[in-house]
Amino acid sequence: MYQYQNLEQLHKDLKNGSISCTQLVQQYIQKIKEQQDLNVFLEVFEKSALEQAQQVDTDIQHNRFKPLSGLIVSIKDNLCYRGHECTASSKILKGFVSTYTSTAVQRLIDAGAIIIGRTNCDEFAMGSSNENSAYGVVKNPLNPEYVAGGSSGGSAASLAAHLCMAALGSDTGGSVRQPASFCGVVGLKPTYGCISRWGLIAYASSFDQIGTLTYNIDDASKILSVIAGPDEFDATCAEISVPNYFKELQELSSKKFKIAYFPEAIESDGLNPEIRTSLLNTFENLKKSGHSVEPVHFSLLKYLIPTYYVLTTAEASSNLSRYDGVRYGYRYHDAKDLEEMYKKTRSIGFGTEVKRRILLGTFVLSVGYYDAYYTKAQKVRRLLYNTIKEIFKNYDAILMPTTPSTAFKIGQKTDDPLKLYLEDIYTVLANIVGIPAISVPLGKSSENQMPFGVQVLTDSFEESKLFALAKIITKN
Ligand code: GLN
């Protein structure tokens with residue numbers, strides 16, 4: 001079995017004929033079947049993947065090589081792919097078949113990538129451990145007693161188990177970066193508006209962004225150049241001209257960066273001491289290589305989680321109102337009238353966490369509480385935005401832990417949702433402000449041997465800088 005960990009090697013082998021794309025796809029399908037216990041894939045797209053592979057093989061025979069030819073990609077179960085089921089890991093969408101393909105997935109296909117299947121996630125992307133899926137928890141391939149993280153747990157695990165070469169996830173508050181950190185891979189959340197959200201099932205629209213999970217930074221940069229850029233179907237997608245990120249990151253490889261870190265984040269009680277030490281060592285190594293690393297006080301840290309959970313639940317309560325048993329998926333059939341049909345459909349169709357968030361979101365938007373919660377949180381969001389933009393006037397990047405701890409055991413945090421919300425302390429900032437962030441593997445815990453990552457954040461649309469610095473850190 002070939003286990004490709006980078007696109008470059010795959011392209012060499014495809015070009016010199018040591019493997020065909022069809023063989024490659026067959027091998028991956030076989031491996032996915034062997035690893036079913038991990039509960040990573042909800043469905044393997046065997047037929048369409050083999051058809052795509054055939055097309056890639058024909059293209060190669062005619063010397064038509066595309067940027068992502070043969071790249072085996074898994075997609076999170078909240079990305080629409082025409083003719084394929086898409087459920088957001090919810091009972092309410094069981095059996096729903098997409099009538100169109102999301103822009104990001106279409107661009108991957110057009111660039112020669114193979115969509116191998118859809119991966120498990122937390123229901124409607126709400127969660128940090130993949131324990132909120134209607135289809136069961138994803139086990140961490142590095143140790144199946146542990147969670148893979150969430151909400152894109154299946155995406156990260158599909159890489160850690162070598163069941164594909166890259167994965168698409170979505171990141172509303174850390175759902176790409178946190179599982180990447182828990183599974184020891186690279187997770188990128190680009191700038192808000194960098195990738196079209198057309199065909200991504202909405203959770204909180206002003207936070208949602210599609211992201212990538214890969215084994216390395218080079219592949220992330222190559223995939224981003226393919227899927228980023230304006231889209232007439234998403235008005236929030238920015239009118240940028242997409243650079244060749246891979247080329248730009250190489251050009252920036254000898255740049256000396258001005259880096260900030262928040263002492264409040266590093267000194268926080270909840271941070272695992274080994275992660276703290278590892279970060280401090282990284283700062284020292286960066287300084288030795290001629291970069292500057294300086295503390296910048298960030299007193300607003302404690303407002304991140306409340307702001308995120310007020311605003312995202314408000315948006316979710318509105319976005320999820322469309323699942324009413326009339327237009328999509330599941331419907332309760334034995335109701336005596338319309339109202340009962342709505343109520344029963346939603347009560348049975350949604351899981352506990354999703355219902356909790358819909359209720360919370362409806363509450364913060366209700367007449368009596370709107371100003372106290374929703375308006376207030378919007379103001380804090382603006383304050384956070386202004387503060388971070390000010391920092392980027394003087395610094396190229398901010399470094400932070402990705403998560404306060406390494407992966408925890410399955411079931412360990414299910415009794416208390418607040419404990420799980422606190423997992424997001426370091427990741428939500430990038431979504432609140434709309435800036436890009438990447439998590440790259442930094443070390444392993446000596447206690448449980450599970451990996452943890454470090455996060456690099458830059459100003460909006462500075463993904464090339466982000467990649468360049470992340471690469472420097474992983475080499476340090
Ligand atoms: N863990 C966060 C939450 O539960 C992030 C989710 C996400 O990014 N989709 O909301």
Side-chain angles (χ1 to χ4, degrees), residues 75-79 88-90 119-133 137-138 147-156 167-183 187-192 195 197 200-213 304-317 319-320 350-361 364 377 401-405 407-408 413-414 416-439 453 455 457:
I75 58 171
K76 185 174 178 177
D77 187 35
N78 60 357
L79 285 157
S89 288
S90 179
T119 50
N120 203 344
C121 58
D122 282 301
E123 186 178 2
F124 285 99
M126 297 176 187
S128 305
S129 62
N130 222 125
E131 292 169 294
N132 297 337
S133 166
V137 60
V138 173
V147 301
S151 64
S152 314
S155 311
L168 283 191
S170 65
D171 191 312
T172 304
S175 277
V176 162
R177 290 160 285 152
Q178 188 253 20
S181 177
F182 280 11
C183 289
L188 166 75
K189 181 208 90 80
T191 309
Y192 182 79
I195 301 172
R197 291 182 293 112
L200 167 70
I201 294 181
Y203 157 19
S205 309
S206 76
F207 294 74
D208 296 342
Q209 184 59 195
I210 291 172
T212 60
L213 295 106
L304 294 175
I305 295 286
T307 307
Y308 171 80
Y309 276 96
V310 168
L311 294 177
T312 54
T313 54
E315 292 189 25
S317 73
N319 273 330
L320 271 60
F350 288 132
T352 312
E353 182 60 25
V354 173
K355 281 189 273 197
R356 179 182 294 121
R357 296 199 192 192
I358 292 174
L359 287 173
L360 195 61
V364 300
T402 308
T403 53
S405 61
F408 40 90
K413 297 195 181 184
T414 32
D416 182 358
L418 274 182
K419 255 195 232 162
L420 262 189
Y421 294 174
L422 287 173
E423 278 294 307
D424 306 327
I425 174 100
Y426 301 123
T427 47
V428 295
L429 174 67
N431 306 77
I432 293 174
V433 177
I435 55 175
I438 193 167
S439 173
Q455 219 188 160
L457 301 93

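Note that ligands are numbered from 1 as they come in the structure, with each ligand's atoms numbered from 1 the same way.
- When hydrogens are left out, the protein atom nearest atom 1 (N) of ligand 1 is Ser128 OG, 2.8 Å; that is the closest non-hydrogen contact.
- Only the side chain of Tyr203 comes within 4.0 Å of ligand 1, judged by heavy-atom distances.
- Counting only distance, with no hydrogens or angles, the side chain of Asn132 and the backbone of Glu123 share no donor-acceptor pair below 3.5 Å.
- In Arg357, the part holding a heavy atom less than 4.0 Å from any atom of ligand 1 is the side chain.
- Under 4.0 angstrom from ligand 1, the non-hydrogen atoms of Thr172 come from both its backbone and its side chain.
- For the residue pair Asn120/Ser89, the side-chain donor-acceptor check at 3.5 Å is satisfied.
- Of the possible donor and acceptor atoms, one in the side chain of Gln455 sits under 3.5 Å from a partner among the backbone N and O of Tyr426.
- Residues passing the side-chain hydrogen bond (donor to acceptor under 3.5 Å, both in side chains) test with Asp122: none are found, sequence neighbours excluded.
- Shortest contact from atom 5 (C) of ligand 1 to any protein heavy atom: Tyr308 OH, 3.3 Å.
- Tyr421 does not count as a contact of ligand 1, since none of its heavy atoms falls under 4.0 Å from the ligand.
- Minimum interatomic distance between Ser152 and Asn130 (heavy atoms only, all atoms of both residues): C-OD1, 4.3 Å.
- Given atom 7 (C) of ligand 1, the protein heavy atom at minimum distance is Ser175 OG, 2.3 Å.
- Contact annotation for Tyr309 and ligand 1: only side-chain heavy atoms (C-beta onward) come within less than 4.0 Å of the ligand.
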